[in-house]
Structures are given as structure tokens and as C-alpha cells.
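In this chain, numbering begins with 1 at the start of the sequence shown. No experiment lies behind these values; they were computed from the predicted model shown.
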Amino acid sequence: MPRFEVVTNRYGSIIDVRECADEAYEMSQESQSPLGQWSNKYSSVLATLGCTLGAFNISRFAILAVQFGANFILQFLVLSLLVGIPLFTFHSSLGQLLGAGVMDMWRISPIFKGIGIALLLAQAFIGTYTVIGISWMFTYFRDSFITKQDVYRWAEPIDEYKEDGMPWTLSSNVSYNIEETVPGYFNGIVLQRKYVEKLEMNDNLLKLPVVINLTIIWTIVFICLSKGLKSYSKVMCIFSLVPVFGMFMLCTKMLGLAPMIGFQHHDIFPETDWSEFFLNTKSWVAAFTETFLTWGILGACTMQITSHNRPKHLLHRDASLVIILTIAVLILAAFLANTCVHLLEAHGYMYLPSSFERMSSYTFLFKQNSAQARKHLTPVRWMQHSSLFMGERTMKNNVPGMPQESGYQAMRLATELFPATFAMIGAKNISPFWSVLFYFVLIMFGIGQQIAIWHCVVSGIISLHPFKLRKWRTTITFLSCAAAFSIGLFMATELGIFIVYLMDYCVGCGWWIMILYLLEIGALFMVRGRPYSGETVVATLFSQANHHLQVWMAPMLSFDWNIVVPVALILLSTSVFKNGGYRWLYNWKSVSQSTYWSTSSREFGCLLQIIPLLIVPFAGIIQTCRYLATGPPDLFDRIQMLYRPVIETRRPPETGEATSEAGVNGSAAVQIEDPPPKYTPPPSYSTATGARSLRFTELVTTHKSFNMHAIFFIHGGFLLALDTDTIAYRLAARSMAARLPSASYHHRAHTHTHPTDVTNRLSTVRARVLIAKMLRQSIRRSVRRLAHVLGNHHQSAILGESSSSSSAAPRTVQTAAATTSSSPHHHHQQTTVLTATTTSSSLPTDAQQTVSSTAPPPDYTTVLVEMNRDDDDDDDVVSVARTVCGGESSSASSLSDEQSTSIECLMERAAPINVDRTGPVAAAAATSTAAAASH
């Protein structure tokens with residue numbers, strides 16, 4: 001079975017995957033997103049949980065479990081296993097494999113760039129209109145803070161919005177006629193509607209409570225995303241784990257109320273009829289749609305979140321945790337909703353689906369055996385259903401002559417079933433804390449899902465130019481939140497609930513999003529193909545898993561991605577389009593009284609669905625023109641770069657340093673060679689001179705040991721020579737004695753040579769030679785300038801001053817010899833440099849007269865030649881360093897021929913540049929040099 005090798009660029013992003021061995025489903029994940037990685041290994045789990053668990057799918061799943069019973073739950077689990085979970089793991093694996101989201105993943109096939117743009121636009125649509133549902137929960141959360149002696153606000157009559165202003169007559173029972181107060185609270189207090197029955201749309205003012213709630217939500221979203229992954233990972237625990245634990249606590253409490261009303265746990269799903277498990281197609285369609293809305297509709301967000309995983313992240317562990325927690329919370333919500341239905345039935349009420357339009361349609365509670373209840377003879381499970389993202393539609397047969405109803409209601413569990421149950425029980429029987437906890441859990445789930453959606457949107461925008469736009473992340477996040485907040489203000493008016501329904505009907509249905517995901521799978525597996533096949537993608541999921549998962553689960557999942565999921569998306573998209581009645585949305589010429597939407601509303605709804613689909617071919621045409629207009633001379637190469645680009649890489653040499661770590665399976669990522677560095681011009685003369693002077697000053701001030709016979713400086717127009725040989729030797733001896741005793745140093749130098757001692761001594765030798773070289777060059781430049789300025793008159797004075805200082809040279813040499821004989825180990829730290837003072841002192845008297853009378857001023861060519869000859873000093877440093885590091889004897893008599901030759905060269909180059917090297921002066925200087933070397 002083949003094994004694959006990941007090829008990355010210098011930024012860590014995967015650009016190619018190729019086969020390298022013969023073992024399947026094992027590869028190293030070396031891809032890293034340029035937008036950053038998670039700081040905690042559990043941040044990815046918590047963030048992905050926001051894509052599968054939200055306030056909307058929890059409420060929708062619970063209501064469908066009430067209407068269809070346990071059949072729906074089992075059908076949902078079967079379809080999730082076949083379609084939903086494979087679609088979820090596909091986006092998770094693809095995000096970690098490519099290290100990219102839906103926008104920047106198409107570098108592997110640029111012609112399909114439009115699919116990423118369309119999916120990103122779909123996520124933005126969903127995040128823009130669904131935030132209004134979370135703002136409604138803030139109002140319920142506020143009015144849940146009551147005492148045990150108080151009554152819930154939704155259990156009291158609401159008269160502010162009624163046109164006639166006639167107050168309701170309060171009944172004497174505790175329920176306060178809750179079949180009217182609960183829906184009246186939602187329309188009058190939460191939505192702030194004033195025209196309910198006549199549907200007059202003249203009042204379009206903003207509702208201040210709704211605007212305040214929207215402001216709070218968008219502020220939280222902006223704060224959590226303002227710093228990117230750094231701020232996002234810090235809040236995930238609050239918006240993921242806290243609501244999960246809260247849901248467990250709440251369901252445990254509600255299930256504990258079962259003995260109070262006298263029903264058994266096996267009867268908790270009253271609508272269950274196992275004989276209809278295969279016969280009721282409406283239940284299968286509802287379960288199929290719910291599967292996609294839970295696991296697939298936010299697949300782009302899932303892919304963006306997993307793209308931030310670090311290499312070799314345990315993706316199968318994250319996917320397992322997310323799947324288990326999602327299914328557990330949804331089943332608990334189903335138990336919670338059915339418990340509420342049983343509690344209402346125990347008090348003589350029957351729950352039926354409602355429609356939001358008017359007072360005559362939004363009632364959902366009826367007295368048992370009443371006239372209204374007897375009208376609904378058809379069981380709810382046999383009615384036509386259409387699941388949307390925020391809510392669900394239950395279509396009834398319209399009565400002739402009555403206004404048409406949509407059968408839509410958003411978040412039925414939070415706006416109908418749960419508040420009616422708590423209003424019926426009362427605060428005396430159950431603490432208001434549980435009502436506060438329920439709405440707090442829904443708010444946390446809702447905000448967590450909004451953060452996941454807008455993280456995907458903001459990251460998708462930044463991925464267009466990641467290295468330019470990354471520093472503008474805060475600004476882009478603020479502008480995105482501000483734009484979504486401005487659009488959401490339209491839903492904070494009298495028409496707000498109708499706009500929500502239009503958006504949910506056109507965007508939340510998801511049939512066109514299914515087509516986009518179908519195109520994504522086909523473009524990846526069929527057009528792009530290898531190395532991005534199903535086996536490669538599934539290897540990312542099971543690369544760290546055990547052998548059984550790799551052998552059994554990986555092939556099945558790969559087959560599911562290639563065959564089952566595409567077929568299921570085609571069938572589901574067709575079914576949703578047909579059952580939802582969307583063909584009437586595209587009939588713009590029909591003006592029938594039975595048509596729910598106006599012509600302008602239908603045109604707007606069609607644009608919301610068609611524009612993302614049209615982006616795909618439009619972007620493909622643009623990409624085709626771009627790639628065919630420029631590129632390689634061969635047309636077939638341009639076409640290949642358009643839909644299957646091949647990026648050539650070069651493997652690093654085996655002897656060089658590894659550019660990436662090998663995976664646990666032995667495969668490693670090959671990194672592309674970086675471009676050569678830009679040309680840097682050499683420093684100027686003044687810069688180089690200043691750097692050398694600074695280095696020399698630093699060495700001297702830190703008491704680095706150096707050895708020279710004289711230091712030259714200019715004072716009052718004369719070149720003076722100060723003999724510092726004795727001082728230099730004393731400094732060297734004092735510095736060495738302070739660091740280490742002589743015996744111990746001799747033992748370390750000749751018994752075992754420590755790498756640190758070798759490095760220090762090598763640095764000391766190089767420093768001494770460098771100082772001598774710098775001094776010689778500075779002295780020669782000073783002599784040349786003084787010779788030109790002072791002329792022949794001052795030359796004799798300079799030479800006279802030099803000869804007057806020559807009398808001190810023998811004493812210096814004797815002192816140096818004495819120091820050397822007393823401390824043999826100092827011989828390796830000395831570099832003999834013959835300067836102008838030593839040379840002039842060793843010359844005969846006639847030679848000195850010849851120098852004083854015939855020495856011409858130096859020319860520039862001579863100075864350059866002498867300075868270029870000094871480049872061979874590095875070889876001398878290496879020679880002396882080898883002597884120091886070789887563990888040989890430190891005696892002065894043990895110098896090799898090579899070292900003696902190097903010292904002679906150094907002494908010769910230290911001679912003054914204005915000495916004639918061809919006459920008797922040169923001969924005398926050579927004799928003096930040989931004598932000094934033998935000494």
C-alpha cells in the first residue's frame with residue numbers, strides 16, 4: 001500500500017503530496033497555515049464544536065423529535081453515520097492537510113477559485129441574519145430573573161401592541177391563559193410588533209431593545225476575534241464547555257420531574273410508531289435535512305478552524321470528541337423537549353405547530369378535546385415539513401378564504417415550548433434558576449457559533465494576501481462586524497420577523513449550498529485528482545490512529561467521500577428544492593392571490609441563491625483568461641497550471657541539515673529552497689576604519705592579552721614610539737594567572753584539550769594578530785600622511801626621534817626573554833611583531849645614515865601592495881592555532897619549521913614601508929630578522 005510525502009514551501013503550507021513508499025493511510029502533516037496555529041491542542045476541538053452545536057440546531061432537533069418521535073432520532077443517527085459524519089470529517093481532514101481554508105485551498109487548482117468565494121459568501125449570509133435569534137434570547141434571559149413569589153413575564157397579558165387596546169381579563173387559575181400570553185410575549189415584548197392582525201407595514205422604526213441586544217452580541221464577537229487565534233482560543237472554553245455542562249444539568253433536572261406527572265421513561269416519545277419507520281418518507285426527509293444542517297452547512301468554518309492545527313495533530317481524537325458531544329447534547333435536547341410536552345399534557349394542554357404571521361395563527365397550545373384541537377385531525381408527523389437553519393416549517397392545508405400561512409416559526413423550543421412549560425409549572429414548583437440556565441446555555445451556544453462563522457469570514461478575507469492583510473486583522477474584523485450589524489438593523493423593525501423568514505427560506509434551506517459542496521468534492525477528487533485523492537485526505541485523519549482504524553475505517557471513509565456523499569448531496573438537494581416549493585420562487589410572472597411572497601421579494605430571494613452559484617463559472621472564466629494570457633510558452637503547460645499546477649521542488653542534500661522533522665511513519669516534508677539573499681554592498685572606508693577601531697578599543701579595555709614591541713602615536717607633529725612590550729607581557733601574565741594557575745592551565749592544555757579551551761585560545765590568537773595588523777596599517781597611513789605634510793625637513797626629525805627611542809629596545813627584549821623563560825606557557829600567547837623601532841635599532845650606523853638621507857616619501861601604490869600582502873596573516877593564525885590546540889609542549893624551543901616561517905613572515909611585514917628593500921639597508925634588516933627569529 002502506498003505512502004505519501006508532503007511537499008511544503010518556506011512558509012509551511014503544503015503544495016504537493018506524492019507517493020514515496022508502500023503503506024497506505026500514513027503520512028506526515030507538515031502543513032501550517034500562514035495565519036497562525038492554535039496555542040492549545042484542545043482549542044481546535046472547542047472551536048469545531050461551535051460549528052456543529054448551536055442554539056438553532058438544538059432547538060430544531062428537539063422539535064422534530066417531538067413531532068416524529070424516536071423514529072427521527074434513529075434515522076438521524078443512521079444518516080449521520082452514512083453522510084453527515086463523513087462530510088464533517090472530509091472538511092476537517094482537508095483543512096489540516098492543506099493548511100488552508102476554502103479561499104486559499106484552491107492554489108492546488110486555481111480554476112475553481114469561485115467555489116471558495118461562493119462558500120465564504122454563504123457563511124457570511126448565514127452569520128448576518130441568524131444573529132437576530134440570539135438577540136431574542138437576551139430578552140427571555142432578562143425576564144427569567146424573578147423570585148418564587150413572582151410570575152414570569154410571559155405568563156402575564158401583554159396589551160401594548162394590540163390595536164384596540166382592550167385589556168385581557170385575567171383568569172383565576174395560575175396559568176393566566178398561557179396559550180395567549182406566551183405567543184403574545186414573543187410578538188409584543190421580544191419582537192416589539194404593534195400591527196399583528198391587519199399586517200400594516202407603515203411603521204418601520206427601529207426597535208430599541210432589539211438594537212441594544214444586537215450591539216452587545218457584535219461587541220462580544222469583535223472582542224473575541226480582534227486578536228485572531230490569540231483571543232479566540234481564550235474564550236472557547238466559555239462558549240463551548242460551559243453550555244455543554246449546563247445542558248447536562250438542565251436535562252437531568254427536567255427528567256427528574258417525570259415521576260411528578262406519572263409517566264414512564266419508555267413513553268417519553270409519544271409520537272413514536274415503529275411500524276412507520278420505513279414508510280414515513282417525511283420523517284426520512286426531515287432527518288436527512290437535519291443531518292446536513294448539523295454536520296455540513298458550516299463545513300467551510302470547520303475547514304478553516306482545522307487549518308490552524310499544528311503538524312501531526314491528533315485529528316481523529318478531535319473528530320471523535322466533537323461527534324460524541326454533538327450527538328449527546330442533541331439527544332438530551334430531544335429528551336428535554338418531550339418532557340416539556342408531557343408536562344403540558346399533564347395540565348390538559350396539547351402542543352401543535354403554529355405560524356408567526358397573526359394572532360389567529362401563532363397560537364400553539366390548545367385545550368384537550370376543544371374545538372380548535374379537533375380541527376387538527378391529521379397527525380403532525382404526516383404533515384409537510386421543511387427544515388430551515390433558524391426554524392422549521394410545518395405546512396397545513398389552508399382553509400379557503402383564509403389568509404395563507406407559512407407555518408414557520410423560529411426557535412420553537414426557546415420561544416414556545418420551554419416558556420409555556422415554566423409558566424405552567426410556576427416559580428413555586430421549580431426554581432427560576434433553571435430558566436436562567438436554559439437561556440444562558442442557548443446564548444452561549446449561539447455566540448460561540450457566530451464567532452466560528454465570522455472567524456471563517458475574516459480569515460478568508462485575510463487569506464487573499466495573508467502577509468499584507470495579517471497586520472490589518474483587527475480593522476478587517478471591525479469592518480466585517482460593523483457591516484453585519486448594519487444589515488441586521490433591517491431585522492430590528494416591524495418587518496423584522498418577515499425579513500428573517502425570507503432570509504431563512506432562501507439561505508437557510510441549504511439546497512444551493514449542497515451544490516457548492518458537491519462541486520468542491522468533484523473538483524478535488526475528479527479534476528485535481530492525485531495526489532489529492534481520497535486516500536491522501538483520509539491519511540490525515542488516521543495518520544496517528546491505531547492499526548484497526550487504518551485498515552477498516554480509512555478505506556470505507558474514502559469510498560464514502562467518493563461515492564456515497566456526492567450521490568446523497570444530489571438526492572437531498574433535489575428533495576429540498578421540491579418539498580420546499582422553491583420552483584414558485586422562480587416564477588416571477590405569476591401574480592396569484594395564493595402567492596405568499598411579492599414579486600420583488602421573490603426576485604431578491606432568487607438573487608441570494610443564484611449569485612453564489614454564478615460566481616463559480618464567472619471566476620473560472622477570469623482565472624482561465626489570466627493563466628492563458630501569461631505563463632510558459634507551451635499552451636498545454638498553461639492549461640495544466642490552470643487546473644493541475646505542478647510545483648517543482650528540490651530535495652535537500654543528505655549531508656546537510658534537515659529542514660523538517662520526519663513523521664512517525666518515516667516520511668518527511670521536502671521544503672523548497674529559499675531564494676538567494678539580496679546583494680549587500682561592502683562598507684565604506686570610514687565605516688570599516690571605525691569598526692576596526694571600535695573592535696581594537698573593546699579588546700584593549702577588556703584586558704585581552706596582546707604582544708607587540710611598540711605602539712605609535714602622533715603628538716605635536718612628531719611620530720613617537722612607546723615601548724610597551726613589558727606592559728603587554730605583564731598584562732597577559734596577570735590575566736592568565738587570574739583565570740587559572742600555571743600548573744592547572746598546563747595540565748588542561750596538554751593532558752586533555754577541552755573544546756571550550758580550544759575555542760578561547762583560538763580566539764585569543766586571532767585577536768592578537770588582528771590587533772597587530774590594525775596597528776601596522778594605521779602606522780603606515782600615519783607615516784605616509786606625515787611625510788607628505790612635513791616634507792623632507794620633518795623626516796629627519798622623525799627618524800631622529802625613532803633612533804633616540806631605540807636605546808630602550810634591548811631592555812624590552814631582555815625583559816620579554818626573561819618573562820618567557822619564567823613562564824613557558826606564555827609562549828603560545830605571544831605573536832612577535834617587528835616594528836620600526838626594533839628594525840632601526842638593529843641597523844649599522846652607515847645604514848641609518850643612508851636611510852636618513854635617501855628614504856623618499858612613500859607612494860600610494862607601495863602602501864596598497866604592502867597592505868594586500870597582509871592578507872596572508874590568516875594562515876599564520878591557523879598555524880599558531882593548530883599549535884595551541886594540538887597539545888604539544890609550550891616550550892619556546894619546540895616551534896616547528898612552519899611556525900618559524902610564519903613568524904619570519906610576520907616580522908618581515910612589520911618593517912617600515914619607507915625602508916629600501918633592495919640595498920644594504922634591506923640586507924641589514926634581513927640579518928636582524930633572522931637573529932630575532934632564532935632567538
Side-chain angles (χ1 to χ4, degrees), residues 6 12-14 27-54 85-105 123 224-225 227-244 294-296 298-329 444-445 447-460 462-463 473 537-545 549 557 663:
V6 183
S13 300
I14 287 185
M27 63 181 295
S28 60
Q29 290 82 29
E30 299 294 340
S31 60
Q32 292 189 8
S33 174
L35 303 181
Q37 286 75 42
W38 296 108
S39 58
N40 193 317
K41 61 181 179 180
Y42 295 106
S43 298
S44 178
V45 181
L46 302 179
T48 309
L49 200 61
C51 300
T52 58
L53 275 181
I85 295 176
L87 187 59
F88 167 75
T89 54
F90 167 75
H91 288 106
S92 301
S93 304
L94 191 62
Q96 181 164 323
L97 173 66
L98 301 177
V102 291
M103 284 293 293
D104 48 343
M105 67 165 287
Q123 308 302 306
C224 295
L225 295 178
K227 299 299 182 181
L229 297 180
K230 182 179 180 181
S231 57
Y232 189 12
S233 59
K234 293 180 180 179
V235 300
M236 276 299 94
C237 182
I238 300 175
F239 294 107
S240 296
L241 290 182
V242 172
V244 169
T294 300
W295 303 106
L298 297 181
C301 300
T302 303
M303 184 176 176
Q304 184 64 55
I305 289 173
T306 56
S307 67
H308 303 296
N309 289 341
R310 295 183 180 275
K312 304 179 184 64
H313 186 74
L314 300 178
L315 188 59
H316 68 282
R317 179 200 62 188
D318 292 1
S320 302
L321 290 176
V322 171
I323 292 169
I324 293 173
L325 289 177
T326 300
I327 294 177
V329 172
M444 291 294 103
F445 274 129
I447 295 180
Q449 194 168 68
Q450 288 294 320
I451 295 174
I453 292 173
W454 288 101
H455 169 72
C456 173
V457 174
V458 173
S459 299
I462 295 176
S463 63
R473 174 180 288 276
V537 180
V538 80
T540 309
L541 182 63
F542 295 110
S543 61
Q544 307 293 328
L549 290 177
L557 195 58

Pick from I85, T302, L87: which one makes a side-chain contact (heavy atoms from CB on, under 4.5 Å) with W295?
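Checked I85, T302, L87 against W295; only one passes side-chain contact (heavy atoms from CB on, under 4.5 Å): I85.
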Quick check: do [X] and [Y] have side-chain heavy atoms less than 4.5 Å from each other?
X: L46; Y: F239; value: no
X: I238; Y: M444; value: yes
X: Q123; Y: C301; value: yes
X: S93; Y: L315; value: yes
X: D318; Y: Y42; value: no

Verdict with reasoning, S43 to S233, per side-chain hydrogen bond (donor to acceptor under 3.5 Å, both in side chains):
CA-CA 6 Å; S43 298; S233 59; 4.7 Å; no
Which distance, rounded to the nearest 0.5 Å, do you find between the [atom1] of [X] and the [atom2] of [Y]?
X: M303; Y: Q96; atom1: CE; atom2: CD; answer: 11.5 Å
X: D104; Y: L35; atom1: CG; atom2: CG; answer: 6.5 Å
X: C224; Y: Q450; atom1: SG; atom2: CD; answer: 12.0 Å
X: L314; Y: S320; atom1: CG; atom2: OG; answer: 10.5 Å
X: I305; Y: M236; atom1: CD1; atom2: CE; answer: 7.5 Å

Regarding S44 and N309, is there a side-chain donor-to-acceptor distance under 3.5 Å anywhere?
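A donor-acceptor contact under 3.5 Å links the two side chains.
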Side chains of T52 and T326: donor-acceptor distance under 3.5 Å anywhere?
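On atom types as modelled, these side chains qualify, holding a pair under 3.5 Å.
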Give me the ring orientation class for W38 and H308: parallel if the planes are under 30° apart, tilted from 30 to 60°, perpendicular past 60°.
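Rings of W38 and H308: perpendicular, as their planes differ by over 60°.
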